[in-house]
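Working notes, structure below.
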Amino acid sequence: MTEPTVTSAKRTRHRHHWRRDLVELAALFTAVVVADAVAKTIVHGPDGPYLLLVSAVVLVATAAFHTWWARRHSHSHAPPAPPEAETQTETAAGAGGDGDGGAGTALWRVRTTVRDEPGSLAALCGALAGLRVDILTLQTHPLADGTVDEFLLRAPAALQPAALTRRIAAAGGAHTWIERADAHDLVDTPTRVLGLATRTALDAAELPLALRQLLGRCAIRSVPAVSPTGRRSDRTAPVEGALEQGDTVMLLRDPYGGVLTVERPYLPFTPSEFARARALVELDARLGPRVPRGEDVLTLPEGDAITVRRADQDDVAAARAMHDRCSDRTLALRYHGPVADADLYLNHLLSPRFGRTLAVETSSGRLVALGHLLWDGDETEVALLVEDAWQRRGIGSELLRRLTGLAVEAGCDSVYAVTQASNTGMVAAMRALRLPLDYQIEEGTLVITARLDALRAEHHRRSAERHGLPAGRPHPAPGAGPAGQDAPQLP
């Protein structure tokens, strides 16, 4: 239906061009005749040549002025460029940025603050549409003097975050924060929060991880009311919790005693986030101490059967008995301090609030090894203790492999071990992970850090396949994706 219309329009435009050319040609001949008559009259006069020269100068000056005036007004009164043209400009400027090879789309999580007035959200959505950005989900967080809008966006892969931020700012957005997202973020917020609540209900050790996944990149620390050495902490929190330091630090009362501190310096917490975090902590308090029960039975190369299971504070007595069977050298390599004080740390180490612990038992039920995965703010530590008689049998390597898998499941970027250069068993176990390792010597102590990027990418791919989602890049924030069952772990 459109082709005849286009052809007719082309014919009409050609007919108009022919008529205009004929008129311009007639005007040109008339101008030549008039100019010839005027020139003959002036030249035959007493000052003819001078008047002709002055006329030529005035004509040139008038033409120059007209040209300048026309150019000035063509710029100032030109119609605005269509959104498509502006989008192409910004996209071209963003080429070579963090995209998927310059083709396809990318997912972004964006948070910005707008004025609490009619039309502010509409202006923001219109600006995003001008960049060909698709809004997949939207959350609003009301504030006293505005509203925080949080988007999950699908944008052209070549669009740079800087171009996106500029467009949002032009539409009235302030304090804009952007980070890459992945397919797991497509899950709606109520479903994600319910999933985190379920994980917290099944395992007390999941609370710090659930808070981290709920709030994004943040440092979570549990400050006990009384330290392992008996010192009482001066950090307290009201029953209802509190926000400090410009709402970038959240204080929550720990059900195990003490205070949970959550720090996110780059982005203040909103009242909605504070309420959700407090609800998870209240759920944990109501359910009390709990650790999922399950065990794996393995056979060592020598033929001995061992059982690997989760451990908690109910295993303190068995752990102390294992301490008594360990040599002073083994305890010193593990605790880096006075051997006599080793027992003081067991309540802390076996608490699910500070991490996860795996225990190894013999067929007779004797505890012979412990492996700890400890949350240290936004970092994660691994530590091993194997009874002397059971060393050099692969128990430490098996524990370390499982702990590293738990760290990947928790979304950690890396794990580190603190030991001494003479602890060849721990060094060998870290190397056996076949991961990139960094070594640092600090005051005679060796710190070995294993980067988990490759394991996280593989875990992310398998998890996406299991959920029927397209595989993408792992989330940059620790603990951003849902927990999976791919990593070596206990039921």
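Using a cutoff of 4.0 Å between basic side-chain nitrogens and carboxylate oxygens, Glu295 and Arg309 are not scored as salt-bridged. The existence of a salt bridge linking Arg451 and Asp438 is confirmed by a sub-4.0 Å separation between a basic side-chain nitrogen and an acidic carboxylate oxygen. A salt bridge links Glu179 and Arg217; the closest N-O separation between the charged side-chain nitrogens and carboxylate oxygens is under 4.0 Å. Using a cut-off of 4.0 Å between Lys/Arg side-chain N and Asp/Glu carboxylate O, Glu273 and Arg276 are scored as not salt-bridged.
A donor-acceptor pair shorter than 3.5 Å can be found between the side chains of Gln139 and Thr189. Side-chain N/O atoms of Asp254 and Ser222 include a donor and acceptor closer than 3.5 Å. Neither side chain, Ser272 nor Thr270, offers a donor N or O lying under 3.5 Å from an acceptor on the other. Side-chain atoms of Asp388 and Ser327 include a donor-acceptor pair closer than 3.5 Å.
Taken to the nearest 0.5 Å, the NE2 atom of His141 stands 4.5 Å off from the CD atom of Glu150. Here the CG-OG1 distance, from Leu152 to Thr137, works out to 4.0 Å after rounding to the nearest 0.5 Å.
In Arg264, the CZ atom is crowded: over 12 heavy atoms of neighbouring residues, nucleotides or ligands sit closer than 6.0 Å. Residue Arg325 places its CZ atom among more than 12 non-hydrogen atoms of other residues, nucleotides or ligands, all under 6.0 Å distant. Atom NE2 of His175 has 12 or fewer neighbouring heavy atoms from other residues, nucleotides or ligands inside a 6.0 Å radius.
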Give the C-alpha distance, both sets of side-chain angles, the deciding distance and a yes or no for salt bridge (charged side-chain N to carboxylate O under 4.0 Å, His left out) between Arg356 and Glu381.
-> CA-CA 11 Å; Arg356 294 173 176 172; Glu381 180 183 2; over 6 Å; no
Check the pair Arg278, Glu240 against salt bridge (charged side-chain N to carboxylate O under 4.0 Å, His left out), reporting the backbone distance first and the verdict last.
-> CA-CA 8 Å; Arg278 189 172 60 184; Glu240 66 278 5; over 6 Å; no
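Arg111 forms no cation-pi arrangement with Phe151, by the criterion of a distance under 6.0 Å to the ring centre and an angle within 45° of the ring axis. With a 6.0 Å cutoff to the six-membered ring centre and a 45° limit on the axis angle, Arg180 counts as a cation-pi contact of Trp108.
Note: His323 and Tyr335 have perpendicular aromatic rings, judged against thresholds of 30 and 60 degrees for the angle between ring planes.
Checked against the 6.0 Å centroid criterion, the rings of Trp177 and Tyr266 qualify as a close aromatic pair.
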